[in-house]
Structures are given as C-alpha cells and as structure tokens.
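Heads up, the thing below is written out as structure tokens.
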Amino acid sequence: MRQSKFYIPTLREVPADAEAKSHQLLVRAGFIRQSVSGVYSFLPLGRRVLRKLETIIREEMDGIGSQEVLMPALQPSELWEESGRWRTYGPELMRLNDRHDRTFALGATHEELITSLLRDEVKSYKRLPMVLYQIQGKFRDEKRPRFGLLRGREFIMKDAYSFDMDEDGLDQNYDEIFKAYQNVFKRCGLDFRAVIADSGAMGGKDTHEFMVLAEIGEDTIAYSNESDYAANVEMAPVKISYTKKEEEQKDLSKVHTPDRKTIKDVADYLNVSSEDCIKSLLWMVDDRPVLVLSRGDHEINDIKVKNVMDAETVELATEEQTKEILGCETGYIGPIDVPESVTVIADYAVTSVVNGVCGANEREMHFENVNPERDFTVDRYEDLRFIQEGDPSPDGQGTIVFARGIEVGHVFKLGTRYSEALGATILDKNGKSSPIVMGSYGIGVSRTMAAVVEQLHDENGILWPTSLAPFDAHLICVNPKNASQSEKAEALYNDLKSQGFDVLYDDRKERAGVKFTDADLIGLPIQIIVGKRADEGIVEVKERKTGEKEEMSIDEVNAFLRTFFSNR
Ligand code: ATP
Ligand code: MG
C-alpha cells in the first residue's frame with residue numbers, strides 16, 4: 001500500500017482528554033477517532049488490526065467446532081422482560097422506541113436473543129452440544145466511558161454461547177473455550193492471567209476473567225508468586241489458621257477516646273497496633289442488621305459478606321440506622337452488649353485477638369483488654385476479609401502479590417438461568433424434557449486491541465506484535481526525489497508484494513524526520529529504509545521493538561523477512 005494514497009492522519013500532539021497510553025497512541029498514530037464520548041471510528045489502520053484480531057478469534061473458535069452467526073443489535077424489549085433484565089440491567093441498557101412506540105434495547109449482550117433463537121427449533125438432544133458465536137457491536141451506556149477503546153459505549157465484542165444437555169457437557173465446552181481463549185490472547189502477544197471471578201448478577205457458578213496485566217487496569221488481581229493461582233481480589237479466599245497471642249487475659253476496662261474514630265487514631269491514642277483492634281461495621285443485609293467484625297489491619301469484603309449470608313443486597317448502615325439500632329454513632333460501635341436483633345459475624349482473624357480494643361457503643365468511648373468469647377459472642381466466624389499482599393496463596397503455594405489488570409475476556413457457566421426464563425427446553429433420550437444448560441463467553445475485541453497497545457509500546461509509539469500489525473513491514477524511501485532511491489524502493493516494494501508480504505510503502509514527499517517519526521509511531525514490526533546507500537544496492541533494516549539496525553543488500557531483504565516472520 002502506498003502511504004501517499006493511504007489515509008493515516010497522524011498527530012504530533014497528545015489529545016488533551018486521553019489519559020491511557022493506548023488511547024493517546026491509537027489516536028496519534030491514526031488508528032481511531034472519537035465521535036462522541038465512548039464511541040469510535042476505526043480508520044484504515046485500525047480496521048486492519050481489528051480484522052487480524054477477528055481472524056485469530058475465528059480460527060480458534062472454528063477450531064473447536066463452534067459456528068459463527070450474526071445477530072441483530074436491535075432487540076425487542078419483550079425478550080428482556082422475559083429474562084427479568086429489562087428491570088435489573090439498569091441505565092447501562094440503551095433503550096429506544098420505534099415509530100409505533102414499540103420498545104427496544106440495543107444489544108448489550110445476547111443471552112436473551114440467542115436463547116429465543118433456539119427455543120422454538122432445537123428440540124432434541126441430538127442437536128446438542130452446540131456452540132454459536134458472533135463478532136458484533138455492543139452498546140452499553142457506561143457511567144464512565146473512558147480510556148478510549150478500553151471502556152466504550154459502543155464497542156466490538158465476540159460473544160459465544162454454549163448449549164448442552166447437562167452440566168458435564170457444559171464443563172467440557174467451558175474447558176475447550178477456556179483453552180481457545182488462552183490461545184487467542186497468547187497469539188496477540190499479551191501477558192495475561194485467567195483469574196477466578198465473581199459470578200455476581202449473572203447468576204451462574206464457575207466463571208473466569210482473562211486479565212491483561214497493565215497499570216491502567218481497573219481490576220486488582222491477587223496472584224501467587226510461585227504457582228499459577230490467580231483470582232480477582234474480590235474472590236480470593238483467605239486460608240490462614242490464626243493462633244492466639246501468648247498473653248494473659250487482663251480485665252476489661254472502658255476508656256475515653258475523645259474524637260478518635262478511625263482505627264488508626266484509636267490505635268495511636270491507646271498505643272496499640274491496629275492488629276490489636278477489632279473493627280466493627282454495621283451492615284444492612286437484605287434489610288436485617290448484621291454487625292461485621294474484622295481485625296483493624298484488615299478490610300471487609302462485601303462480596304464475601306453477601307455470599308456467607310446468602311443475601312441479595314448488602315449495604316453499610318446509614319448514620320441514622322446505626323444510631324437507631326446500636327444507640328451510638330459510627331466510629332464508636334462495638335460487639336459488646338449488642339441487642340438480640342443484631343446478628344454478629346466475624347472474620348476468622350478476630351479469634352487471634354487477645355486484650356484488644358473495640359468500640360463501646362457510647363460516644364467517644366472504647367473498651368480495652370477485650371477478649372472475644374469472654375466479653376462478647378459471635379454468631380459465626382467466617383472468611384470475610386480481602387486478601388492482602390503477603391498473605392499465603394489459597395492453593396498453599398507461595399504468597400500473594402497484587403497486579404492491576406484489564407479484563408479482556410470473560411467465560412461463564414450460566415446453567416439454566418436463561419433457558420428456564422425463556423422456556424428453551426430439550427427432550428433427552430427417554431423423551432424427558434429439561435431446560436438447556438448454557439454457558440456464555442465474551443471477548444472485548446476492541447478492548448483487546450487497546451490492551452495490546454497498553455502493554456506493547458515505548459516512548460516513540462506502538463510495538464505491534466507480528467500477529468496483529470496492520471502491515472508486515474514499513475518500506476521507507478528517504479528521499480523520493482533522488483532517482484536511485486526512488487527506483488530501488490519501487491522495485492523492492494513490488495518484489496516484496498509479489499512475495500506475499502503486506503508492505504506499507506512510504507513514498508510521500510515528506511522530510512525524512514517526519515517519515516521516521518510516523519513509522520515509529522505506527523509501529524510496524526520491521527522498517528526497511530532505502531536511503532543514502534541505495535546506489536550500492538544497500539538498505540537499512542530496523543526491528544521496531546528492539547531498535548536493532550542492520551545494513552544489508554536489497555537481495556537479502558526477502559530472506560531476512562521470511563526468517564523474521566517464521567520465527568514468530
Ligand atoms: P467490565 O467489568 O469491564 O465492565 P463486564 O463484566 O461488564 O466488564 P462482560 O459483560 O463480561 O463485561 O463482557 C464481556 C467482555 O466485553 C469483557 O470481558 C470486556 O472485555 C468487554 N467489555 C465489556 N464492557 C466493555 C466496554 N464498555 N468497552 C469495551 N469492552 C467492554
Ligand atoms: Mg460492565
């Protein structure tokens with residue numbers, strides 16, 4: 001492709017609103033342009049990268065026998081009513097009316113639509129198992145669209161759905177798709193982890209997220225420094241058996257703690273460590289008050305509270321609720337002498353406290369020398385806290401380290417949540433009817449493109465992996481006005497093209513500096529520079545990623561490229 005005829009509007013300035021490196025570089029290098037917040041066009045270079053990524057995904061999905069479909073973005077609201085999500089999905093679902101005042105949603109995801117597609121037609125077990133997928137635009141009115149392609153309001157997703165007779169079938173499909181996803185992200189050159197995730201509102205059981213390690217990531221991953229254990233920090237269990245401090249129990253006493261509300265303030269004031277403090281938080285769990293205790297050096301994880309209480313909703317009690325239930329403001333509440341109506345649960349670590357400190361349910365007062373079980377009772381001890389860096393890994397191997405991650409993929413065992421709601425049933429061998437067992441599997445295609453740039457760039461621009469680069473090589477004619485350079489470059493361009501290489505040929509009448517800057521910014525894996533030594537038949541070949549340069553005869557370029565690309 002001749003660059004003089006190819007639309008690559010590069011920019012020298014960093015766009016003012018672009019925080020993420022991937023956002024800055026994709027805009028500056030002429031891959032994408034914003035339309036409105038969270039909505040982007042893909043320019044020719046960007047389209048090429050997307051196409052390559054889509055091809056990798058198709059190869060891996062087709063490779064496990066999955067079949068591609070294309071479903072509409074425009075979905076009737078009735079389907080979402082049937083699943084209940086018209087109500088529960090909230091403002092993220094884009095809703096609209098047609099001229100007859102019929103209501104629709106723009107697809108945020110396609111569980112409803114695909115279930116409705118199969119329910120009337122797939123009736124016999126003989127048709128299963130089946131996996132269908134599509135690559136298509138999704139719409140979500142995100143509260144905070146940001147970081148360019150990383151969190152858009154219209155974005156490209158590959159979504160897949162598996163259909164099985166039973167859980168065993170689902171497990172098998174899940175494993176296969178899991179492996180296909182690993183292959184996709186490996187082929188994209190990404191450093192990623194598959195992490196255990198929260199099944200949350202989707203209502204399924206097993207679920208994993210594929211996280212690309214990057215500082216800009218919005219999720220925290222807890223992983224082992226020795227094994228391949230990795231979980232979303234929200235999900236990692238804490239597996240420690242705590243032992244009590246070796247210390248004689250002292251007499252309980254009440255102390256005045258003027259204006260000392262936080263654990264740190266109280267611990268400093270009473271000259272104890274935060275480990276010796278018992279933190280008490282009052283939560284409303286499905287509208288019932290639950291006092292949740294943890295050690296002062298730990299944080300309570302609301303997802304764990306929700307799970308152990310088997311609750312729909314958990315929320316911290318308001319100041320008013322706290323006063324009404326415990327007769328005291330937050331900051332001074334504690335587990336001693338709480339009303340019967342309040343359930344008390346505690347994180348296991350609380351059992352290690354001897355002669356600790358806790359709130360006295362009285363303004364500006366705390367207790368000292370508090371001993372669990374002697375001074376207060378706990379209804380249940382559970383694992384309730386967030387895992388921390390340095391904790392032992394839950395699989396017993398190594399210790400936990402944190403990293404930030406970008407979620408690029410999500411695999412999910414749905415079970416019969418949607419098939420039951422929408423009435424997609426199937427007859428087994430004995431003619432017995434049961435709901436189809438489903439799984440749902442997403443890859444953020446446009447987000448993955450940005451995640452690659454987030455990981456693979458330097459101060460001069462993007463470092464595309466060969467698998468996704470919009471072209472294989474950038475052929476740069478330094479001075480097209482020089483007849484020899486221009487002739488040699490043209491000939492090499494035609495030769496490489498005929499050998500099957502995809503070459504971006506910078507034949508523009510621009511200054512050399514502009515061409516080199518643009519080439520580094522765009523980031524094709526190899527640059528071939530036809531310059532001063534063109535007369536002698538010598539060109540310079542630069543590997544973009546390492547910056548290594550090598551002079552070689554024009555005749556050698558072909559073989560060089562062949563070796564370079566076959567090693568990748
Ligand atoms: P997030 O927690 O980041 O909002 P999600 O849990 O809502 O993601 P899913 O519903 O599982 O995401 O969607 C499948 C995949 O689609 C995600 O793994 C992610 O890669 C991608 N994705 C989700 N929301 C967006 C978005 N707003 N912009 C770009 N990609 C997205
Ligand atoms: Mg989301």
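Small disclaimer: the values here were computed from a predicted structure and weren't measured. Just so you know, ligand 1 is whichever comes first in the structure, and atom 1 is the first atom listed for that ligand.
- For ligand 1, the polar-atom distance check finds no N/O of L149 at less than 3.5 Å from any of the ligand's N/O atoms.
- To the nearest 0.5 Å, atom OH of residue Y348 and atom CD1 of residue I240 are 12.5 Å apart.
- Judged purely by atom type and a 3.5 angstrom limit, Q75 has no side-chain atom pairing as donor or acceptor with the backbone of A105.
- Counting atoms of ligand 1 from 1 in the listed order, those under 4.0 Å from a heavy atom of G409 are 18 (O).
- In terms of polar-atom proximity, defined here as any N/O pair under 3.5 Å, V408 does make such a contact with ligand 1.
- The option with the heavy atom closest to atom 26 (C) of ligand 1, from among F147, F155, F412, F139, is F155.
- For ligand 1 and E142, the ligand atoms under 4.0 Å from any heavy atom of the residue are 24 (N), 26 (C), 27 (N).
- In terms of N/O distances under 3.5 Å, ligand 1 is not approached by S446.
- Of all atoms in ligand 1, listed by their number and element, those nearer than 4.0 Å to a heavy atom of G152 are 26 (C), 27 (N), 28 (N), 29 (C).
- Close approach of ligand 1 to L150 is summarised as follows: ligand atoms under 4.0 Å from at least one heavy atom of the residue are 28 (N), 29 (C).
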Atom pairs and distances, side-chain donor-acceptor, residues 185-197, under 3.5 Å, sequence neighbours left out:
unit_1	atom_1	unit_2	atom_2	d
R187	NH1	E59	OE1	3.2
R187	NH1	E60	OE2	2.9
R187	NH2	E59	OE1	2.5

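- Classified by interplanar angle (parallel below 30°, tilted 30° to 60°, perpendicular above 60°), the ring pair W80/Y89 is perpendicular.
- Contacts between E407 and ligand 1 below 4.0 angstrom, taking non-hydrogen atoms only, involve backbone and side chain alike.
- No donor-acceptor pair under 3.5 Å is formed between the side chain of N225 and the backbone N or O of G398.
- In M157, the part holding a heavy atom less than 4.0 Å from any atom of ligand 1 is the side chain.
- The ligand atoms of ligand 1 that sit less than 4.0 angstrom from a heavy atom of H410 are 11 (O), 18 (O).
- Side chain of D286 to backbone of A311: no donor-acceptor contact under 3.5 angstrom is found.
- Distance check: E68 CD to K158 NZ gives 10.0 Å after rounding to the nearest 0.5 Å.
- Here atom 3 (O) of ligand 1 lies nearest to R151 when heavy atoms of E218, E92, R151 are compared.
- Within the structure, side-chain hydrogen bond (donor to acceptor under 3.5 Å, both in side chains) contacts touching residues 449-464 (residues at least two apart or in different chains) are S22-E454, D458-R544.
- Summarising the geometry of I406 relative to L150, their closest heavy-atom pair is CG2-CD2, 3.9 Å, with the distance given to 0.1 Å.
- Only the side chain of R140 comes within contact range of ligand 1, with a heavy atom under 4.0 Å; no backbone atom does.
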